[in-house]
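A quick write-up on the structure given underneath.
Quick note on labels: first sequence line is chain A, next is B, and so on, each numbered from 1. In this text the structure is predicted, and so the values were computed from the model without any measurement.
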Amino acid sequence: MLQLNYIRENKEDVVKRLAVKHFKDAESIISSVLELDAKRRNTQKDADAVKAEANTIAKQIGELMKSGKKEEAEQQKTKTAELKQKEKELDEALKSTETEIHKLLVQVPNLPSTKVPAGRTPEDNEVVFEHGSKPNLTADALPHWELAAKYDLIDFELGVKLTGAGFPVYKGKGARLQRALINFFLDRATAAGYLEVQPPILVNEDSGYGTGQLPDKEGQMYHVGIDNLYLIPTAEVPVTNIYRDVIVKESDLPIKNCGYTPCFRREAGSYGKDVRGLNRLHQFDKVEIVQIAHPDKSYETLEDMREYVAGLLKELELPFRTLKLCGGDMSFASALTYDMEVWSGAQQRWLEVSSVSNFESFQTNRLKCRFKGADGKTQLAHSLNGSALALPRIVAGLLENNQTPEGIKLPKALVPYAGFEYIN
RNA sequence: GGAGAAAUGGCAGAGCGGUCGAAUGCGGCAGUCUUGAAAACUGUUGAGGGUAAUACCUCCGGGGGUUCGAAUCCCUCUUUCUCCGCCA
């Protein structure tokens, strides 16, 4: 959520930057917000004045009672009825104005950073880095779902039986590879200074709201109605919400957390070749890195995180590229996002395996995650996160790119974790 | 799941319905002292709104109520603790 006082002071700029995100009605929504904001402040001023008067009278009555002047006290009491009525009306008006402002404000996406390219579609994303060369596979190279069947690594049909489409069952070396990747990612993150946390994978409404999944993306999350809890779509939700309503020490910044969790996404409406095999699942595993950073340093932090993720992909010996997302392709809450895509040799396409974003104060404003600066003032911290990494498409890339007549050869870095060099 | 107790500032812990944003201790910060540190002493130390700055307003787990006036009384929800039951 954007900060109201920023909007108040930078209306033109806000509208201009929202255009980069192709947000419709920016002008009219922002204008309404500002109008309501002015109204709110007026109403509050009136309400405060009434309350001040009522407080004064109440104090006077107290004095009078104490000094035994009961009649005078009673007389004062008669004055209060009208004030109380007024107070009630003003408070209600205030509340409803605040609600209106809030309703509008939650619809407004984050402002893109000035470095964001102006495009509209994924084609307009900017390739900022490429690494590794695409494997020379023969024409009969198999896509990962066929490899998974051939080596009995993943059983998609069994998942359908147990749960439904999009819930694969990993078996044997397939299961072991999952475990290896999770441990590999967690070990690397820990070595890079991230504190490992193991959060709940069900969260309450406040948490869903804090990171912005609620209210707008309610349909994307699995909801446990009986307890009103949500299955997390990413560890970002519980891990970032650790810092909800927290004022951290400036000297503790940046705070670096990582966590492995299963992730659950309803992905309603997806179909076709995009969702074949491991390309898109309802349940998948991911290690997430999250940082709470000083506002002056958050873009350095973002670059650090991007490089950290790139380092993982290099260790996994996967050809990848890094994209800077254009305004039209960025998520609602992000100010700047890098996507990391791995080349999938048999499918002949790029698969997104990580998304690293700086949310600036967009999330922390909702979360009320602040720090006290050197000047003694509390201000919002910046939050960032990135996948490091999401497993399924990594597995897809590993299987497809490394297929040989002898079997699938694992990258060196994974061998100690997996306990085998070849899947055959 | 059943029965009881509780929820106050970073922590601990007071708080007769009016003078309580809240005693006191610890911690934090600043200063004095010291070559430096520790100790001791002095001061300072919650958040939000509002203002040019003051005033002023709100917040003692959440929500509602009683009252001229609520941290204090009532209702309700949530959470925690103790006892019982169940259980990986």
Next on the checklist: With a 6.0 Å cut-off (strictly less than), is the heavy-atom count around CD of A:E82, excluding the residue itself, greater than 12?
Outcome noted: no
Closest approach to the side chain of [X], judged atom by atom: which nucleotide of [options] is it?
{"X": "A:R40", "options": "B:C68, B:G49, B:G48", "value": "B:G49"}
{"X": "A:K84", "options": "B:G50, B:A47, B:C68", "value": "B:C68"}
{"X": "A:K95", "options": "B:U67, B:C57, B:G64", "value": "B:G64"}
{"X": "A:K51", "options": "B:C68, B:G49, B:C57", "value": "B:C57"}
{"X": "A:N55", "options": "B:G69, B:G18, B:C57", "value": "B:C57"}
{"X": "A:R8", "options": "B:G50, B:C68, B:C56", "value": "B:G50"}

Next on the checklist: So A:I61, base contact, sugar-phosphate only, or nothing? Heavy-atom distance under 4.0 Å.
Outcome noted: base
Next on the checklist: Please give me the minimum heavy-atom distance between A:P392 and A:F284, naming the atom from each residue.
Outcome noted: CG-CB, 3.4 Å
Would you measure the distance from the [atom1] atom in [N] across to the matching atom in [M] and give it in whole Å?
{"N": "B:U45", "M": "B:A22", "atom1": "C1'", "value": "15 Å"}
{"N": "B:U72", "M": "B:G4", "atom1": "C1'", "value": "23 Å"}
{"N": "B:A71", "M": "B:C60", "atom1": "P", "value": "7 Å"}
{"N": "B:G61", "M": "B:A3", "atom1": "P", "value": "25 Å"}
{"N": "B:U82", "M": "B:G43", "atom1": "P", "value": "41 Å"}
{"N": "B:C16", "M": "B:C84", "atom1": "P", "value": "34 Å"}
{"N": "B:A7", "M": "B:C74", "atom1": "P", "value": "13 Å"}
{"N": "B:C20", "M": "B:C26", "atom1": "P", "value": "23 Å"}

Checklist entry - When only distance counts, do a donor and an acceptor, one from the side chain of A:D48 and one from the base of B:G49, lie under 3.5 Å apart? => result yes
Checklist outcome for this item: Whole-Å distance, A:R370 CZ to B:G48 P, equals 5 Å
Item to check | For atom CG of A:D91 and atom P of B:G50, their distance in whole Å | outcome: 16 Å
Checklist entry - Paired with B:A14: which nucleotide, if any, by Watson-Crick or G-U wobble criteria at under 3.5 Å for both distances? => result none
Checklist outcome for this item: B:A52 -> Watson-Crick or G-U wobble partner, both distances under 3.5 Å, gives none
Next on the checklist: Whether A:K173 engages the ring of A:F420 as a cation-pi pair (distance to the six-membered ring centre under 6.0 angstrom, angle to the ring normal within 45°) should be assessed.
Outcome noted: yes
Checklist entry - Does A:R179 make a cation-pi contact with A:Y417 (under 6.0 Å, within 45 degrees of the axis)? => result no
Next on the checklist: Here's a test for you: under side chain to side chain contact (heavy atoms under 4.5 Å, CB included), which of A:D285, A:I232, A:V197 qualifies with A:T261?
Outcome noted: A:I232
